[in-house]
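Just below is one structure, and these are the notes that go with it.
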2 protein chains.
Amino acid sequence: MRDSSDGGGRLDSFDLAILDILQKDNGTPQRVIGERVNLSSAAVHRRMRRMQDEGVIVGNFAVVDPRRVGLPFTVVVEVHVESERLDLLDAAKRSFADDPQVQQCYYVTGEADFVLIVTVPSMSAYEALTRRLFFGNNNVKRFRTLVVMDRVKTGLAVTLGEA
Amino acid sequence: MRDSSDGGGRLDSFDLAILDILQKDNGTPQRVIGERVNLSSAAVHRRMRRMQDEGVIVGNFAVVDPRRVGLPFTVVVEVHVESERLDLLDAAKRSFADDPQVQQCYYVTGEADFVLIVTVPSMSAYEALTRRLFFGNNNVKRFRTLVVMDRVKTGLAVTLGEA
DNA sequence: TGTGTTGGTGAAAATATATTGCGTTCAGCG
DNA sequence: CGCTGAACGCAATATATTTTCACCAACACA
């Protein structure tokens, strides 16, 4: 057994260096990673697998340019709910998460309850989405639409090593 | 030359099927992809490279669980600027995009000007970020902080084939 | 000082990727 | 109609990568 309660061990600076590379390009050969972080490729491999198994690495994904696949519109939506009853919140979460055009969904404190990032082929598709998810849900009090003009920075990469 | 103005050809249903798999797991062997979409692995390979070259595939990334690397707080920030002068907007975009704790940045129309998704190790780190990016920028009129309680759905995957 | 545990190395084996030659299909056109 | 070129898929092959293995060094600790 390693240690720690959350099911995963601590990460050392090698792990962080490897993650940093994989966050930028997970197709980088383990041999090259090894050269850059000063480890054998077998060691890199073992650490990678460990981090996969422990859930440090959530997944490995190709990212597609939405404009190239007929989804030129990105919209940020702030959703305000009527009631914060747990079962109603869960229902809302599920309906948002299950919708394929909802790319991201955050449940937040503050002046809104949910923030959604959605990608749609057209504004009328967005309108359809609002009917589906908001007007069709009695617990949605109101929502604010922010249409994205420039996706200045996107990604899921995270700062490492400065924590 | 294929066709189309945007430098990329059209995607057929094979391409979309391949992308769909790669969006979920880009480590899937080409042989397996081929079996699933009914194509030889060489065909899959050629299509993958084409889509890479054309920029349909933006990149290949490992995604790290922020909580496992000392970044337990996600915050959504709405930023309102004073002036929409182009040079000032560009300066703001740059400063947001260059900050490593800013994971995503969208320039939007509507009731706000920017929406940022940030990941931080602590709320005091968030406070430091606000000083750095907002209080330190005369063009930022005000900002609203929405602290994320539940990252209901994250990712960059996109609906394919229903466009 | 032994002993178990963690983690490293280098090389071999198992897989996967990348390239190539060839046959087929199909649209455009004489 | 039948030719021609382009694009595509298939199968075989050459490279490259991943994965595993046996063995060794460092460290903590009884």
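All values derive from a computational prediction rather than experimental measurement. So that the names make sense, note that chain A is the first sequence line, chain B the second, and so on, each numbered from 1.
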Give the C-alpha distance, both sets of side-chain angles, the deciding distance and a yes or no for salt bridge (charged side-chain N to carboxylate O under 4.0 Å, His left out) between Asp15(A) and Arg10(A). CA-CA 9 Å; Asp15(A) 292 324; Arg10(A) 288 282 150 260; over 6 Å; no
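- Under the 4.5 Å side-chain criterion, counting only non-hydrogen atoms from C-beta, Leu19(B) is in contact with Val56(B).
- Here dG7(C) presents its P atom at 18 Å from CG of Asn38(A), a figure rounded to the nearest Å.
- By the 4.5 Å heavy-atom criterion applied to side chains, Thr145(A) and Val75(A) are counted as neighbours.
- Taking atom CZ of residue Arg50(B) and atom P of nucleotide dA18(C), one finds them 16 Å apart after rounding to whole Å.
- For the pair Glu35(B) CD and dC10(D) P, the computed distance is 12 Å after rounding to whole Å.
- When side chains are defined from C-beta on, Lys153(A) does not count as touching Gln104(B), because their heavy atoms never get closer than 4.5 Å.
- In this structure, Arg49(A) reaches the dT20(D) phosphate: one of its side-chain N or O atoms is under 4.0 Å from OP1 or OP2.
- Inter-residue side-chain proximity for Val79(A) and Phe134(A) is flagged as met; some heavy-atom pair is nearer than 4.5 Å.
- Rounded to a whole Å, the CD1 atom of Ile33(B) is 11 Å from the P atom of dA18(C).
- Of all the residues in residues 18-32 of chain B, Pro29(B), Gln30(B), Arg31(B) reach under 4.0 Å from DNA chain C with at least one non-hydrogen atom.
- Regarding Asp12(A), its CG atom lies at a distance of 14 Å from the P atom of dT6(C), rounded to whole Å.
- Remark: His45(A) is not in phosphate contact with dT18(D), judged by side-chain N or O atoms under 4.0 Å from OP1 or OP2.
- Rounded to a whole Å, the CE atom of Met48(A) is 17 Å from the P atom of dG7(C).
- Between Tyr106(A) and Phe96(A), the ring centre distance reaches or exceeds 6.0 Å.
- In this entry the distance linking CG of Leu39(B) with C1' of dC10(D) reads 10 Å, nearest Å.
- For a distance-only test at 3.5 Å, the side chain of Arg46(A) qualifies as a donor-acceptor partner of the base of dG8(C).
- Look at CZ on Arg47(A): it is 17 Å from C1' on dT19(D), rounded to the nearest Å.
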Could you walk me through whether Phe114(A) and Tyr107(A) satisfy the ring-ring contact (aromatic ring centres under 6.0 Å, His included) test, starting with their C-alpha distance in whole Å, then the side-chain angles of each, then the deciding distance to 0.1 Å, before giving a yes or no? CA-CA 5 Å; Phe114(A) 288 96; Tyr107(A) 175 53; 5.2 Å; yes
